[in-house]
Amino acid sequence: MVTTERPPSTSRLRAWMLEGLSDMGKGGGHTGPHAEPEPPHQGQRWWRVMCLTGVDYFSTLGYQPGIAALAAGLLSPVATIVLVIVTLAGALPVYRRVAEESPHGEGSIAMLERLLSFWQGKLFVLTLLGFAATDFLITITLSAADASTHLVENPHLTQALQGKQMLITLLLVALLGAVFLKGFLEAIGVAVALVGVYLGLNLVVVITGLWHVVTAGHVVTDWSSALTAEHGNVFVMIGVALIVFPKLALGLSGFETGVAVMPHVRGDAGDTEEHPAGRIRDTKKLLTTAALIMSCFLIATSFITTLLIPEQEFETGGQANGRALAYLAHEYLGNTFGTVYDVSTIAILWFAGASAMAGLLNLMPRYLPRYGMAPHWARAVRPMVIVFTLVAFLVTWIFDADVDKQGGAYATGVLVLISSAAIAVTIAARKAGQHGWTVTFAVISVVFLYTTVVNVIERPDGVKIGACFIAGIVLVSLLSRLARAFELRVTSVSLDPMAERFIRDMASRKMRFIANEPDRRDKAEYRDKIEQIRTDNDLPEQEDFVFVEVTVTDPSEFEAGLTVRGEVLHGRYRVLTLESASIPNALAALLLHIRDVTGCTPHIYFEWTEGNPFANFLRFFLFGQGEVAPVTREVLREAEPDRERRPRVHTG
């Protein structure tokens with residue numbers, strides 16, 4: 001009884017876990033929470049979509065002022081002004097250009113992918129994916145950790161929850177994973193409500209804080225006196241702020257997400273997929289408005305928190321650590337308002353984690369399956385949710401659910417992505433012949449590269465965990481590519497009229513093909529090849545052959561369509577020519593296609609490849625050629641289990 005019930009249960013579980021897998025890749029798209037969110041040329045107004053990216057961007061107000069105070073001390077407002085200048089004069093112009101160059105949400109990684117080919121391009125993209133994974137995963141864990149901090153430090157809950165921050169953070173991460181396992185559809189309406197309430201409450205806290213600063217005049221004089229005593233004159237302060245501001249780089253987060261949500265922006269009725277001018281224009285509005293709102297809040301919150309909160313409260317264990325604005329809300333507006341503020345902060349931080357999880361589920365299927373660098377099940381959402389949730393558990397444990405400890409890793413991921421975007425738009429401007437923009441973007445790139453390097457030197461945790469993600473992604477990707485090397489890897493086969501004529505003619509007799517590596521392509525080459533094949537396989541002279549020649553294009557590509565062209569050379573030799581990333585996989589796909597359209601079993605003849613078999617296999621894995629005959633047979637064996645229907649491979 002048990003044995004008869006287990007397979008259906010296992011089958012149901014497998015079907016549930018891999019739901020949607022068969023639809024992956026259809027239509028040239030990808031699946032996931034962001035995939036094709038709206039019908040073509042429809043969507044939401046830009047300001048509503050801004051709230052979707054705002055749950056990530058604006059939620060950093062929950063911890064950014066405290067991190068800024070720890071990093072810059074009394075100089076926090078000055079360093080924050082430097083950060084705002086870099087945001088408005090650097091990151092904003094860069095991502096406005098990214099929106100022009102990749103209007104379908106691909107972002108700067110896709111821009112750089114187009115600039116590089118072959119394996120170096122794939123490895124470069126995998127490296128950027130590692131830092132992107134760092135950014136998104138740390139968003140999940142840091143947001144959950146800060147949400148748990150707001151819970152634990154709430155005066156009504158502090159006694160009951162003291163010492164349980166790790167457990168609460170893990171539970172929040174697990175809840176996030178459970179929601180995605182059930183099926184998560186992003187609700188822009190929820191994002192609008194969360195952002196509206198959260199920014200409204202923050203505005204109340206800021207106005208209250210500024211009122212207390214103005215009415216208690218000694219606060220400003222005390223701060224300015226302490227600042228002068230510590231740093232001397234204004235020029236020294238500015239110089240120190242320039243050095244310190246990389247520690248505040250968390251305030252730059254959200255731009256990559258802002259580009260990722262572009263497909264949700266409605267645009268104009270006349271927009272097309274090739275030229276979505278309205279979508280690009282409104283996305284620029286989205287990015288600009290979000291940056292201006294955030295800049296105003298960053299300056300105001302850094303000012304009031306630095307002046308009104310005692311320095312020791314920002315330290316680990318202090319009541320303002322990771323929750324500076326919540327501290328002011330409780331201190332000046334009472335515990336009832338403070339609790340409402342805590343609930344709002346916890347909600348938007350949790351939703352920021354959801355946005356980050358959705359970003360991960362979109363980012364990986366966009367690249368890895370196309371490279372053949374993901375296991376088959378990685379195309380389904382639910383298995384990847386489990387993987388990302390487990391990794392988030394590990395990161396939370398490594399960083400002890402501490403907001404301050406995770407700041408470096410988060411900033412590194414953010415800065416690497418912004419730096420790559422700056423470099424990408426610099427190259428794009430140079431290719432477009434825009435000298436002024438090329439110089440401008442080059443200067444911005446230098447600023448962000450400097451910021452990234454300083455952040456890595458001072459807080460190496462970020463690059464360490466980024467390196468771990470990169471190493472993990474590269475290792476898993478290469479192992480997956482190795483495991484999938486013998487897949488058919490051809491999405492479609494099309495024959496031109498001459499090739500179809502060759503196939504129809506051969507269908508009336510035994511279909512024999514010769515795999516030929518094109519050299520001089522003169523008469524002697526084809527004559528000698530036929531004689532060699534006849535001699536090696538003991539075939540009579542009356543047997544008829546068609547040559548098949550594959551030219552390797554980019555062997556680092558994994559899947560592509562196959563176009564077959566027919567030609568007659570030297571008045572007598574029929575040749576089928578095709579281009580592919582891999583010779584064996586292309587030959588196997590062609591043979592199976594011919595079998596299916598004619599109902600006949602084709603035969604193909606090879607000569608053995610000279611050299612070490614292992615070295616030849618590496619040539620096949622890396623360069624798409626090498627041990628062609630046995631690999632072609634293996635690809636056919638995996639694609640067609642029935643030996644009777646499998647095309648025949650002959651090697652002499």
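When all heavy atoms are compared, the tightest approach of Leu61 to Leu325 is O-CD1, 3.7 Å. Scanning both residues, Gly66 and Phe314, for their nearest heavy atoms gives CA-CD2, 4.0 Å. In this structure, Leu308 and Gly209 approach most closely via the heavy-atom pair CD1-O, 3.5 Å. Contact record, Gln319 with Glu313: N-OE1, 2.9 Å, taken as the closest heavy-atom pair. The shortest heavy-atom contact between Leu172 and Ser148 is CD1-N, 4.1 Å. Across all their heavy atoms, Ala99 and Ile280 have their closest contact at O-CG1, 3.8 Å.
Below 30°, between 30° and 60°, or above 60°: for Tyr95 and Phe255 the angle between ring planes is below 30°, a parallel geometry.
In terms of modelled atom types and a separation under 3.5 Å, the side chain of Thr289 and the main chain of Leu286 share no donor-acceptor contact. Side chain of Thr141 to main chain of Leu137: a donor-acceptor pair is present (N/O by atom type, distance under 3.5 Å, no hydrogens or angles). Judged purely by atom type and a 3.5 angstrom limit, Ser143 has no side-chain atom pairing as donor or acceptor with the backbone of Ile140. Judged by distance alone, with hydrogens and angles left aside, the side-chain atoms of Trp223 form a donor-acceptor pair with the main-chain N or O of Leu74 at under 3.5 Å.
The shortest side-chain heavy-atom distance between Leu287 and Lys284 does not fall under the 4.5 Å cut-off. Side-chain contact between Thr339 and His330: present, with at least one pair of heavy atoms (C-beta onward) separated by less than 4.5 Å. Residues Val94 and Ile444 form a side-chain contact, since some pair of their non-hydrogen atoms from C-beta on lies under 4.5 Å apart. Here the side chains of Leu201 and Phe337 are in contact, with some heavy-atom distance below 4.5 Å. Taking 4.5 Å as the limit, every side-chain heavy atom of Leu328 sits out of range of all side-chain heavy atoms of Thr208.
With respect to Asp282 and Arg45, no salt bridge is recorded, no charged nitrogen being found less than 4.0 Å from a carboxylate O. Here Arg96 does not pair with Glu100 in a salt bridge; the nearest charged N to carboxylate O distance is not below 4.0 Å.
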For this session: In sequence, state the C-alpha distance, the side-chain angles, and the governing distance for Tyr341 and Tyr198, and then conclude on side chain to side chain contact (heavy atoms under 4.5 Å, CB included).
Result: CA-CA 8 Å; Tyr341 183 87; Tyr198 184 68; 4.0 Å; yes
For this session: With side chain to side chain contact (heavy atoms under 4.5 Å, CB included) as the test, would you mind laying out the steps for Ser102 and Val259 before giving the verdict?
Result: CA-CA 8 Å; Ser102 58; Val259 174; 4.3 Å; yes
Exercise. For Ser295 and Thr87, what are the C-alpha separation, side-chain angles and deciding distance, and is it a side-chain hydrogen bond (donor to acceptor under 3.5 Å, both in side chains)?
Worked result: CA-CA 8 Å; Ser295 296; Thr87 299; 5.2 Å; no
For this session: Please test Ser302 against Ser76 for side-chain hydrogen bond (donor to acceptor under 3.5 Å, both in side chains), starting from the C-alpha separation and ending with a verdict.
Result: CA-CA 6 Å; Ser302 68; Ser76 176; 4.6 Å; no
For this session: Using the side chain to side chain contact (heavy atoms under 4.5 Å, CB included) rule, take Thr305 and Gln64 through it: C-alpha gap first, then chi angles, then the decisive distance, then the call.
Result: CA-CA 11 Å; Thr305 52; Gln64 172 72 12; over 6 Å; no
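Between the CG atom of Leu449 and the OG atom of Ser419 there is a distance of 4.5 Å, given to the nearest 0.5 Å. The distance from the SG atom of Cys296 to the CG atom of Leu203 is 10.5 Å, given to the nearest 0.5 Å.
Judged purely by distance below 3.5 Å, without hydrogens or angles, the side chains of Gln165 and Thr149 pair a donor atom with an acceptor atom. No donor-acceptor contact under 3.5 angstrom links the side chains of Thr169 and Thr396, judged on distance only.
Environment of CD in Gln312: crowded, with over 12 heavy atoms of neighbouring residues, nucleotides or ligands closer than 6.0 Å.
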